[in-house]
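A short write-up of the structure that comes next.
A, B, ... follow the sequence lines: proteins, then strands. Residue 1 opens every chain. It should be emphasised that the depicted structure is a prediction, and the values quoted were computed from it without experimental measurement.
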Amino acid sequence: MKDTLANTEKKTAYILTLPAVALVFAIILFPIFANVWISFKEVELKDIRIPEPRAKKIVKSISEDPSKIKILYKLRNSSLLQEIRDVSFQDKFPKNFEIEELDPRCEFKKYALKCKFGNWPPKYRENFQVIFKKNDGSKIDKKELKSTKPKLVGTSDNVLLNTNFTLKNFKKVLFDNEFVDLLLTTFYYTFFGTVGSIIFGILTAQMVNQKFYGRTFMRSVLLFPYVAPVVALAYTWELLLDPNSGTLNSLLINYQVIETPINLLGQKYIQINFFGFDFKLRLALTTVIMFEIWRYFPLAFLFILARLQAIPKELYEAADVDGASPFQKFFNITLPQITAVISILFMIRFIWNFNKFEDVFLLTGGASGTRTLPINVYQQGFAISDIGMGSAVSIVIVVLLLLFMFFYFKLLGKRVDEN
Amino acid sequence: MKTKNLILFTLISSFFLIFLVSIWKILATLQGLNIQHLNLQIIFIFGLLISFANLRIGSKIKIFYKSIIFSLIFVICDGYIIQKLPLWYNIGIFLILYFFVNKINKYSFENLKEEHSTQVIFFDFLTLFGILFFSFVILFPFYMMLITSFKTQISLLVNPLDFSINFGQDLKDLFKSYFVIFKTYKFGKYIVTSTIVSVGTVIITLIFAIPAAYAIARLNFFGKSFMSTSILIIYMFPAIVLVIPLYTIFSQLGLRNSIEGLLIVYTATTLPVAIYMLQGYFKSIPKELEEAAILDKLSWFGIISKIIIPLSIPAISSVALYVFMIAWNEFLFSLMFLDNPNSFTLSRAIQYLSGDAETPRQYLMAGSVIVTLPVLFIFVYFEKYLVSGLTAGSVKG
């Protein structure tokens, strides 16, 4: 009895979880494996469209003979690269129609024209023409003829399914001159974006954790950049930083801080003189990182605030009795209490910043030294239209991601052991 | 009395005053006032003098009169003698100074003698500074977005610093950008598409997630622990690595440019976090209720619909709001999958609009306002639910 109960429980559980598991498997796990497959292939964007036999139907009346009508089918192979085999054609006609001349490839039965065109090479085109007449001599209704559309069927190879593999994509990705630069840019973007947002998160959480008028309002406002759509925010920033008529540049020029506008999103380097040392700052990258920090510090804020509010008040009271200064309280009580949250946040944000695509894409499109790995996936796959290369870059991202996760869980495991 | 403390106090407070006045001056410049100099040195000297004088006077004069006197002196020097500026600007300056004097009033010579007084002062002012700084930095882009959508192309190019809006004009002219994007660029249609996609995602996600979360929370089956741990790992895989395979598969299946395609992808990407959030909540519901239901011979469907769902409305609403927000804001998949303007979502439509260099920026900003407003409205209105959703779902973003 007990056994059957456990069995029904199991069955119910599988029924309940199956739809969700199946969907996640199909849309998230399967594509990750499909990426591996595609990355070893030479596939371009134009190859993935399955070649289709197509026909455009044109109905023309014949001026000398109103009882006859000419129908022209413009046939073509939609693909410029692949052949289509065994193309068959079918079109239906109203009753009382008779065909004048029958192409040897076709037959006309039960008011349907059926043809077998055989194999079509790439770029194949043919003007296929049929003349019909009405056997009862009544007027021909052109609209009726136009309303039916021919059906064409053919078989062709799917580039994605054949078994030609190559290592070319990975060679190109890994031995590309810019690969190191790409990794470095991604790393700068990820690291400084993460650290910056955590620092701002600590500052704001510390601030909101005190009592002041309008505190709940402040908490909502601080989350605005995180909840608002990226598209809107990115374009607003672009307007704000625009060199020609952007608000920031106009303000700085108005107050005579700078003389000529700075193209914050379009300039790769800027010379900075810092205590007599000249060095080059990656300007566009810095701006993009600023946006990143601005948009994601609210998350760090939310996490750290929740942790701060859980710190027992007695700790601070005891510190007051001992005469600790505010700085001492911060460094000796607050900071140790939030290190765990910070380390989790660091890892989560690091992984997500590493994969961030939209922000950079919308702000600079990857130009002026802001090309990160995710941007490269898009550029290879859709701008250069080399799907195979794009997949290879995705694989690089997945491998690095798995490495991060591995280290993360190792560190986390250590931490648990220590406690 | 420690001289060091006195110097630090006056310095910090004058820097704070500089910051306050500068923000006001920037905002005033953006209303079309011709302010070419921030006059930081003068404000600094005033700050030093006021904070020192405030300490000197102490409580000999009532705080109310003291603030008014200081404020008036500052306003007269800054607004009338150095720069000739309109009344509303000076009223603002007056109020800022009034606020400032009230803030520094709580410090006295006795205060400064105390231990750690500089650090206390530093922290106090840092908090004040932080509140103002972050409010300004965060709200300014939103303010700019809103204002720009009400301006015209010419006025934006002639004086990019003039943020003032002429409310006297015809309402039709004021909301011209909005009329244009609805009429010429068919934004009404995009709003409908976005709403269908987001609400649809919420509904499908909940239909899939509630049973699965219930099973993980309550039932015993092989692979349960594996499933609950793998949920978050799956969630960490970013959209960008899914894009190319999904694009190729969807192209071949003819699912691109369709709402169904987007619904499938959005549901799949939000499911893991929805299940994770719901199962956590379901575990907190007392088991006894279900045991009673099992005795009444209720099926699992009955248990979920009659017991679990009514008891977990708060968790379900926060999942629903969070998923809605993700789907509404989503950009990457809509960029990849939609290239026919008839099936655009709002985000994709705005990006498409910006692709044309000729598009006036006020239209772009009007579109941005339209896509931002619903999210901000929902966020402010349902903040309690959404914040818990954000915290739980924050592995993504």
Legend entry - Verdict with reasoning, A/D242 to B/R361, per side-chain contact (heavy atoms from CB on, under 4.5 Å): CA-CA 11 Å; A/D242 186 72; B/R361 58 181 64 174; 4.0 Å; yes
Legend entry - Contacting region of B/L373 [heavy-atom separation from chain A under 4.5 Å]: neither
Inset, instruction - Indicate whether any N or O donor in one side chain lies under 3.5 Å from an N or O acceptor in the other, for B/S368 and A/Y235. - result: no
Inset, instruction - Identify which of B/A268, B/A274, B/G367 forms the greatest number of heavy-atom pairs closer than 4.5 Å to chain A. - result: B/A268
Inset, instruction - Could you look at B/R348 and say if it's the side chain, the backbone, both or neither that has a heavy atom under 4.5 Å from chain A? - result: neither
Inset, instruction - Decide side-chain contact (heavy atoms from CB on, under 4.5 Å) for B/I240 and A/F354; before the verdict, give the C-alpha distance in whole Å, the side-chain angles of both, and the deciding distance to 0.1 Å. - result: CA-CA 11 Å; B/I240 190 75; A/F354 184 78; over 6 Å; no
Legend entry - Side-chain heavy atoms of A/L401 within contact of B/P238, under 4.5 Å: yes
Inset, instruction - Report the option among A/N35, A/V393, A/V21, A/I32 that has the most heavy-atom pairs separated by less than 4.5 Å from atoms of chain B. - result: A/N35
Inset, instruction - Identify which part of B/I378 has an atom lying under 4.5 Å from any heavy atom of chain A, answering side chain, backbone, both or neither. - result: neither
Legend entry - Largest heavy-atom contact set with chain B, pairs under 4.5 Å, which of A/A234, A/A26, A/P19, A/A34: A/P19
Legend entry - Residue A/F30 excluded, over 12 heavy atoms near CZ under 6.0 Å: no
Legend entry - A/K10 atom NZ: more than 12 heavy-atom contacts under 6.0 Å: no
Legend entry - Interface moiety of B/F301 toward chain A, non-hydrogen atoms closer than 4.5 Å: neither
Would you list the atom pairs, donor with acceptor, under 3.5 Å between side chains in residues 133-148 of chain B and any protein atom, with sequence neighbours excluded?
unit_1	atom_1	unit_2	atom_2	d
B/S135	OG	B/I131	O	2.5
B/Y143	OH	B/Q31	NE2	3.2
B/T148	OG1	B/M144	O	2.5

Inset, instruction - Kindly check if the number of other-residue, nucleotide or ligand heavy atoms within 6.0 Å of CZ (B/F163) is above 12? - result: yes
Expected list for residues 326-333 of chain B: side-chain donor-acceptor pairs under 3.5 angstrom, two or more places apart:
unit_1	atom_1	unit_2	atom_2	d
B/W328	NE1	B/V371	O	2.9
B/N329	ND2	A/V227	O	2.8
B/E330	OE1	B/Y266	OH	2.9
B/E330	OE1	B/F333	N	3.2
B/E330	OE1	B/S334	N	3.3
B/E330	OE2	B/L332	N	3.3
B/E330	OE2	B/F333	N	3.0

Legend entry - Under 4.5 Å from a heavy atom of chain A, the part of B/V375 involved: side chain
Inset, instruction - For the residue pair A/F357 and B/L335, establish whether any side-chain heavy-atom pair is separated by less than 4.5 Å. - result: yes
Inset, instruction - Tell me, out of A/L222, A/V230, A/L203, who's got the most heavy-atom pairs with chain B below 4.5 Å. - result: A/L222
Inset, instruction - Check A/S220 against B/E383 and note the closest heavy-atom contact, atom names and distance. - result: OG-OE1, 2.9 Å
Inset, instruction - Check whether B/I370 gets within reach of chain A through its side chain, its backbone, both or neither, counting any heavy atom under 4.5 Å. - result: neither
Legend entry - Residue pair A/I27 / B/L242: nearest heavy atoms and the distance that separates them: O-CD1, 4.0 Å
Legend entry - Option that, when pairs with chain B are counted at under 4.5 Å, heavy atom only, ranks first among A/I351, A/L18, A/V221: A/V221
Inset, instruction - Look at A/S250, A/P298, A/S325, A/P31 and state which one has the largest set of heavy-atom pairs under 4.5 Å with chain B. - result: A/S325
Inset, instruction - Give, as side chain, backbone, both or neither, the part of B/I249 having an atom under 4.5 angstrom from any heavy atom of chain A. - result: side chain
Inset, instruction - Taking A/E9 for its side chain and B/L219 for its backbone only, find out whether a donor-acceptor pair lies under 3.5 Å. - result: no
Legend entry - Minimum heavy-atom distance between A/F382 and B/M336, given as atom pair plus value: CE1-SD, 3.6 Å
Inset, instruction - Please say whether more than 12 non-hydrogen atoms of neighbouring residues, nucleotides or ligands are located less than 6.0 Å from CZ in A/F404. - result: yes
Legend entry - Within 6.0 angstrom of B/Y381 OH, more than 12 heavy atoms from elsewhere: no
Inset, instruction - Counting only heavy atoms closer than 4.5 Å, note whether B/I350 contacts chain A via side chain, backbone, both or neither. - result: both
Inset, instruction - For each of A/F212, A/Y14, A/F25, tally heavy-atom pairs with chain B at distances under 4.5 Å, and name the one with the top tally. - result: A/Y14
Legend entry - Derivation and outcome, side-chain contact (heavy atoms from CB on, under 4.5 Å), residues B/T372 and A/F224: CA-CA 10 Å; B/T372 312; A/F224 275 13; over 6 Å; no
